[in-house]
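See structure below.
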Amino acid sequence: MPAKPADHSNYPAWVGVHVPHDSTDVPPTVRRQFPLDDQQLADELVKMTDHHTQALFVGPGSDAVDIRAPVSRLDVDVERFPDDESEPMATRGMGAVYAVTSELQPLRRALGGDEREALIQAYPALYCSSHLI
């Protein structure tokens, strides 16, 4: 017997559904940081995106708060500690601002400290401030 799909319309407004990695949005300012060609970037987005999680957990009739990152985790991973010393995945090149692909190949050019900080300030701050107040 197939599993019954979840009824998303019953989530009350006080429920927050956290969907951090389903976005594939790469703004042009960030895209310029990636030396990958368009096909390589598309392939990496397929591998690193949690596709369809928003549709699985937040239906159109739900009153739940949809807590969703506005950009791909390739831009900024909103679930990582912004300080590389505190983030274990930073040693693999996958801290808050990824430096490598899923196959540990270069994802983006070397960033200056100001560029990295601007990404961390722009995206996680937008993500957190709009939903978790």
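- Ser86 meets the side-chain hydrogen bond (donor to acceptor under 3.5 Å, both in side chains) test with Asp83; sequence neighbours excluded.
- Under the salt bridge (Lys or Arg N to Asp or Glu O under 4.0 Å) criterion, Arg109 pairs with Glu115, not counting sequence neighbours.
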Please report the C-alpha distance between Ser72 and Val26 in whole Å, then the side-chain angles of each, then the deciding distance to 0.1 Å, and finally whether the side-chain contact (heavy atoms from CB on, under 4.5 Å) criterion is met. CA-CA 6 Å; Ser72 168; Val26 178; 4.2 Å; yes
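- Criterion: ILVMFWY side-chain heavy atoms under 4.5 Å apart, direct or through other members. Under it, Ile67 and Phe81 are not part of a common hydrophobic cluster.
- Closest approach of Thr101 and Met94 over heavy atoms only: O-CE, 3.2 Å.
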Hey, mind stepping through Leu111 and Gln33 against side-chain contact (heavy atoms from CB on, under 4.5 Å) and telling me if it holds?
CA-CA 8 Å; Leu111 298 180; Gln33 297 173 359; 3.6 Å; yes
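- For the pair Thr49/His21, no side-chain contact is recorded, criterion being any heavy-atom separation below 4.5 Å from C-beta on.
- Looking at every heavy atom in both residues, Val97 comes nearest to Val76 through CG2-CG2, 4.5 Å.
- In this structure Gln40 satisfies the side-chain hydrogen bond (donor to acceptor under 3.5 Å, both in side chains) test with no other residue, sequence neighbours excluded.
- Remark: side-chain polar atoms of Arg108 are paired, donor with acceptor, to backbone N or O of Tyr98 under 3.5 angstrom.
- The two residues His51 and Leu45 have their closest heavy-atom pair at NE2-O, 3.5 Å.
- Distance check, rounded to the nearest 0.5 Å: CE of Met89 to CD of Glu79 gives 12.5 Å.
- Asp22 is listed as a side-chain neighbour of Arg68, based on a closest heavy-atom distance under 4.5 Å.
- Counting heavy atoms from C-beta outward, Leu74 and Phe34 have side chains that approach closer than 4.5 Å.
- Taking each heavy atom of Pro82 and Ala96 in turn, the nearest pair found is CA-CB, 4.0 Å.
- The two residues Pro70 and Ser23 make their nearest non-hydrogen contact at O-OG, 3.5 Å.
- Residues satisfying the salt bridge (Lys or Arg N to Asp or Glu O under 4.0 Å) criterion with Arg116, sequence neighbours excluded, are Asp84.
- Among pairs with a residue in residues 42-57, those fulfilling salt bridge (Lys or Arg N to Asp or Glu O under 4.0 Å) read Lys47-Glu103, Asp50-Arg73, at least two apart in sequence or across chains.
- Checked against side-chain contact (heavy atoms from CB on, under 4.5 Å), Pro27 has the following partners two or more places apart in sequence or in another chain: Asp25, Thr29, Val30, Val71, Asp75, Tyr123.
- The two residues Gly95 and Asp77 make their nearest non-hydrogen contact at O-CB, 4.2 Å.
- Not counting sequence neighbours, the partners of Asp38 by the salt bridge (Lys or Arg N to Asp or Glu O under 4.0 Å) test are Arg31.
- Within a 6.0 Å sphere centred on CG of Asp114, other residues, nucleotides and ligands contribute 12 heavy atoms or fewer.
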